[in-house]
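In what follows, a structure is listed as structure tokens, so that the remarks can point back to it.
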Amino acid sequence: MVDRSKETLEEKKARVQKIIERLRQVYPEAKCALNFSDPLELLVATILSAQCTDERVNQVTVELFQKYRSAEDYARVELAELEEDIRPTGFFRNKARSLKALGQMLVTEHGGKVPDTMEALVKLPGVGRKTANVVLGNAYCKNEGIVVDTHVKRLASRLGLSDNSNPDKIEQDLMRLVPQEQWTLFGHLLIWHGRYVCQARKPKCGDCVIQDLCPSAE
DNA sequence: CTCCCGATAT
DNA sequence: ATATCAGGAG
């Protein structure tokens with residue numbers, strides 16, 4: 001199907017455009033699956049989404065966002081109480097510790113608001129480039145990077161778009177292949193496709209619309 | 001690299 | 001039984 005050994009950079013960029021066009025047709029609704037109504041809610045939901053399905057996060061945040069309406073609310077709450085409020089999302093001790101420290105830092109360093117730059121976001125506790133990219137792309141409509149989560153990591157590898165295993169290096173590889181204005185869209189499309197077709201355990205290559213563009217297709 | 005967390009799918 | 005789920009810190 002795809003002989004990647006003798007594919008030039010330009011050919012690979014063209015293949016990426018075909019991938020984007022096809023996935024756009026299949027997933028016109030692809031967007032952030034986490035429910036939120038402001039940057040703080042999205043930041044919190046994204047931290048909770050680590051090693052947890054979006055569906056479960058959305059269940060927890062219904063009540064969480066009614067109780068915690070500002071950075072101050074996270075900064076003030078007793079750690080044990082916050083742990084119980086987010087327990088079903090897993091890693092609840094680490095996440096609760098991050099959220100409380102995050103709330104405190106937002107209050108002391110950013111006037112209680114979520115910053116809108118990569119530099120400031122990744123300095124926040126529990127926030128790496130993946131989480132920062134989700135907030136920048138979906139709450140602030142900025143294409144400062146590409147979200148590399150478990151789905152994007154897996155699909156970038158299977159599609160032969162990166163040979164690296166480090167998420168930051170994968171992101172750099174992808175940013176060279178995708179025009180900046182498509183960075184956020186690209187992440188959503190790969191995540192949708194990874195969730196429904198190109199699954200981790202048993203990819204449904206028979207149902208895949210980019211099978212002929214994939215060096216790993218069976 | 002390991003650890004953190006537990007529900008669900010295979 | 002084991003792998004996986006919109007990761008990040010030590």
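Here the structure is a predicted model, which means the values were calculated and not measured. Numbered from 1 within each chain, the chains take letters A, B, ... in sequence-line order.
- A straight line from CZ of A:Arg195 to C1' of C:dC5 spans 10 Å, rounded to a whole angstrom.
- In the displayed structure, A:Glu78 atom CD is contacted under 6.0 Å by at most 12 heavy atoms of other residues, nucleotides or ligands.
- Using a cut-off of 4.0 Å between Lys/Arg side-chain N and Asp/Glu carboxylate O, A:Asp163 and A:Lys169 are scored as not salt-bridged.
- Here A:Lys18 contributes atom NZ and A:Arg22 contributes atom CZ; the two are 7.0 Å apart, rounded to the nearest 0.5 Å.
- Comparing the same atom, P, in C:dA6 and in B:dA9 gives a spacing of 13 Å after rounding to whole Å.
- Mapping heavy-atom proximity under 4.0 Å, the span of DNA chain B touched by chain A runs 5' to 3' from B:dC4 to B:dT10.
- Per the geometry, CD1 belonging to A:Ile191 stands 12 Å off P belonging to C:dC5, to the nearest Å.
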Check: protein-nucleotides 7-10 of chain C nitrogen or oxygen pairs below 3.5 Å:
from, atom 1, to, atom 2, distance (Å)
C:dG7, OP2, A:Ser49, O, 3.1
C:dG7, OP2, A:Gln51, N, 2.8
C:dG8, OP1, A:Gly128, N, 3.0
C:dG8, OP1, A:Thr131, N, 3.0
C:dG8, OP1, A:Thr131, OG1, 2.5
C:dA9, OP1, A:Gly126, N, 3.0

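- Across the P atoms, B:dC5 and C:dA1 are found 24 Å apart, a figure rounded to whole Å.
- Ion pairing between a basic and an acidic side chain is recognised when a charged N comes within 4.0 Å of a carboxylate O; A:Lys13 and A:Glu7 show no such pairing.
- Residue-level contact check: A:Ala33 touches the bases, meaning some heavy atom is under 4.0 Å from a base atom.
- A salt bridge does not link A:Lys67 with A:Asp73: every distance from a Lys NZ or Arg NE/NH1/NH2 to an Asp or Glu carboxylate oxygen is 4.0 Å or more.
- C:dG8 and B:dA7: their P atoms are spaced 23 Å apart (whole Å).
- Residues passing the ring-ring contact (aromatic ring centres under 6.0 Å, His included) test with A:Phe186, sequence neighbours excluded: none.
- Regarding A:Lys95, its NZ atom lies at a distance of 14 Å from the P atom of C:dC5, rounded to whole Å.
- A continuous path of hydrophobic side-chain contacts links A:Leu99 to A:Met105 [ILVMFWY only; heavy atoms under 4.5 Å].
- Closest heavy-atom contact between A:Leu102 and A:Pro125: N-CG, 3.6 Å.
- Among the atoms of the strands shown, only primed sugar atoms or phosphate atoms (P, OP1, OP2) are found under 4.0 Å from some heavy atom of A:Arg154.
- A salt bridge is defined here as a Lys NZ or Arg NE, NH1 or NH2 lying under 4.0 Å from an Asp or Glu carboxylate O, and A:Lys113 with A:Asp38 fails to meet this definition.
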